[in-house]
Amino acid sequence: MLKRVLSGMQPTGRLHLGHYLGVLKNYVKLQSEYDCYFMAANWHSLTAFYTNYKEAHQYISPLISDWLAAGLDPEKSTIFVQSDVPFHTELSLLLSMYTPVSWLERNPTYKEKQENIDKDIDSYGFLGYPVLQAADIFLYKGELVPIGEDQLPHLELSREIARRFNHINKLEGKNAIIEPKPLLSENPKVSGTDGRKMSKSYGNTLSLSEDENDLRDKMKKMKTDTGRVKRTDVGNPDNCPVFTYYNYFLPARKMEIDSQCRSAGIGCIDCKNIISDQIVKETEPFRESRKKNIENPDLIKSILEAGAKKARKTAGETIANLKDSIGMNSDYRILI
Ligand code: TRP
Ligand code: SF4
C-alpha cells in the first residue's frame with residue numbers, strides 16, 4: 001500500500017509565489033508517489049477570522065483553483081474541505097484530553113501571536129490549533145506531511161500527542177496512531193518584493209493569479225542590490241532579491257546574469273524584465289484556472305463533493321478505531 005500524505009492550507013487569502021515554491025510544487029510532486037489527501041483548513045482559518053468568517057470562506061474556491069492550476073489532480077489526490085468532514089472536530093476534542101495545556105502554551109506560534117498586539121486572538125480554539133492539526137493528520141493516517149518550515153513546531157506537537165496517546169491506549173496491542181514526519185520543501189524561504197520573506201502580513205507578495213500588469217508593476221518596484229545606484233555601478237547578485245527568482249524560474253540564465261550584473265553589463269530594468277516575462281509565463285495557468293472556475297463554479301463544487309465523500313470514508317474508519325482503542329464504542333452491556 002502507498003504511504004499516506006496529508007497536508008492542508010488555510011483559506012485566508014490569495015496564494016502567492018512563496019506558497020507555490022515552498023509547498024504547492026511539493027504537493028504536486030508527491031501526488032504521483034503517495035496516496036495524498038489535501039485539505040482546505042477552514043476550521044483553522046476560523047481562529048483568526050471568527051468575526052468575519054464569511055470572508056475566509058470565500059477564499060476556499062480560489063485556493064482550490066490555484067491547486068488545480070499548479071497540477072493537483074483530483075483523480076490522483078483527494079481534495080476536500082476540512083469542515084465537510086465532521087470527524088476533524090470530533091477527533092480534535094478526543095485528542096485535547098491527551099494534550100497538556102503547557103505543551104500548547106509553549107508552542108512558538110501561539111506565543112508569537114499573543115505578543116503581536118494588533119491581532120486579537122485569545123481564544124481557547126486558537127490555543128488548541130495544533131490539536132486540530134494533529135487530528136487532521138491522524139484521521140488519514142498521514143505518515144508524511146509536506147509543510148513549510150514555520151509549521152515544524154506544530155508537527156512536533158502532533159508527534160508528541162501521538163506518542164502520549166499511544167502510550168496510554170493500544171489498538172489490538174499496536175500503536176493506534178502513526179507518528180507523522182515532516183517533508184520540508186527545498187526552497188522554503190522566498191523573498192518578497194521588499195527583500196523580506198514573502199508574506200501577506202508584509203504586503204510584499206506576488207500572488208499566483210496576479211493580473212499580468214500588476215505583476216510587472218510590482219516587479220518594477222522590487223528591491224534590488226541597494227549598493228547599485230546608477231546603471232553604470234556594478235551590482236552584486238548575492239545581495240539582490242530579484243536574482244533569487246532566477247534560481248526558481250530561470251536557472252539556465254543564472255550564470256550569465258550573475259556575471260552581467262557584476263560587470264554592469266546589464267541594467268536592473270532589463271534584468272527584471274527578463275525574469276518578469278518568465279514569471280508571467282509560469283503563472284498563466286493560475287489566471288486561466290480562475291477564469292474557468294468563475295465561469296463554471298460547479299467544477300470545483302463537484303471536485304470537493306467527491307473529495308469529501310472519500311475523506312469521510314477514510315476518516316470515519318479511523319475515528320471508529322480510535323474511539324474503540326479508548327473503549328468508547330457501542331458495547332453498552334452492563335458489566336458492573
Ligand atoms: N496550519 C497549517 C498552515 O497554516 C495548515 C494546516 C492545517 C495543516 N491542518 C494541517 C498543514 C495538517 C499540515 C497538516 O499552513
Ligand atoms: Fe539584481 Fe539584476 Fe539589478 Fe543585478 S542587474 S542588481 S541581479 S536586478
Side-chain angles (χ1 to χ4, degrees), residues 4-13 15 18-19 22-24 26-27 36-48 56 63 80-83 85 88 91-92 107 109-110 113 126 129-140 142-155 157-159 180-184 188 191 193 195 199-200 219-247 250 253-276:
R4 282 269 172 73
V5 163
L6 175 291
S7 192
M9 289 187 197
Q10 287 193 55
T12 51
L15 290 191
H19 297 117
V23 184
L24 189 47
N26 214 12
Y27 279 15
C36 294
Y37 283 73
F38 297 118
M39 167 193 88
N42 62 328
W43 275 114
H44 281 107
S45 67
L46 187 60
T47 55
L63 175 73
F80 67 102
V81 177
Q82 188 182 32
S83 68
V85 183
H88 290 255
L91 184 55
S92 181
N107 167 27
T109 319
Y110 179 71
K113 290 254 162 91
F126 184 60
Y129 184 110
V131 183
L132 178 59
Q133 184 157 342
D136 298 338
I137 302 168
F138 301 165
L139 277 177
Y140 303 93
E143 285 187 59
L144 299 168
V145 185
I147 41 171
E149 238 172 13
D150 59 317
Q151 292 293 312
L152 278 177
H154 287 157
L155 204 85
L157 249 164
S158 296
R159 293 165 57 79
K181 291 193 190 73
L183 262 181
L184 276 184
S191 300
T193 50
S199 160
K200 188 174 120 186
M219 285 298 293
K220 277 192 190 115
K221 292 181 197 135
M222 182 161 176
K223 202 178 146 200
T224 57
D225 170 16
T226 40
R228 189 176 189 197
V229 184
K230 296 195 298 288
R231 167 68 180 82
T232 48
D233 293 343
V234 297
N236 181 357
D238 296 338
N239 298 333
C240 177
V242 173
F243 189 70
T244 61
Y245 290 175
Y246 277 85
N247 274 326
L250 211 49
R253 295 194 63 179
K254 244 181 83 180
M255 300 281 273
E256 168 206 342
I257 296 287
D258 185 284
S259 66
Q260 292 264 7
C261 173
R262 288 179 200 279
S263 59
I266 188 171
C268 293
I269 297 176
D270 290 333
C271 178
K272 284 175 167 181
N273 279 338
I274 296 170
I275 198 68
S276 301

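One-based numbering, in listed order, for ligands and for the atoms of each. The basis for the numbers below is simple: all heavy atoms, side chains too, and nothing from hydrogens, waters or symmetry mates.
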Side chains of Lys181 and Leu144, heavy atoms from C-beta outward: is any pair under 4.5 Å? yes
Number of protein N, O or S atoms [distance to atom 2 (Fe) of ligand 2 under 2.8 Å]: 1
Using ring-ring contact (aromatic ring centres under 6.0 Å, His included) as the criterion, list what pairs up with Tyr37, not counting sequence neighbours. Tyr140
Would you find a donor on one side and an acceptor on the other, under 3.5 Å apart, between the side chain of Arg159 and the backbone of Pro180? yes
Keeping His88 on the side-chain end and Leu132 on the backbone end, is there a donor-acceptor pair under 3.5 Å? no
Please determine whether side-chain hydrogen bond (donor to acceptor under 3.5 Å, both in side chains) holds for the pair Tyr27 and Ser7, giving the CA-CA distance in whole Å, both sets of side-chain angles, and the decisive distance to 0.1 Å. CA-CA 8 Å; Tyr27 279 15; Ser7 192; 2.9 Å; yes
Taking every heavy atom of Asn42 against every heavy atom of Ser83, the minimum-distance pair comes out as ND2-OG, 2.8 Å
Which pair of heavy atoms, one from Gln10 and one from Tyr129, lies closest together, and at what distance? NE2-OH, 2.6 Å
Could you measure the distance from the CE atom of Met39 to the CG atom of Asp136? Nearest 0.5 Å is fine. 3.5 Å
Any idea which residues sit under 4.0 Å from ligand 1, heavy-atom distances? Leu6, Ser7, Gly8, Gln10, Met39, Ala41, His44, Tyr129, Gln133, Asp136, Ile137, Val145, Ile147, Gln151
Residue and atom name of the nearest protein heavy atom (relative to atom 5 (S) of ligand 2), distance in Å to one decimal: Arg228 NH1, 3.1 Å
Do Leu15 and Leu63 pass the side chain to side chain contact (heavy atoms under 4.5 Å, CB included) test, and can you show the C-alpha distance, the side-chain angles, and the key distance before you say yes or no? CA-CA 7 Å; Leu15 290 191; Leu63 175 73; 3.7 Å; yes
Contacts of Asp225 that satisfy salt bridge (charged side-chain N to carboxylate O under 4.0 Å, His left out) - sequence neighbours left out: none
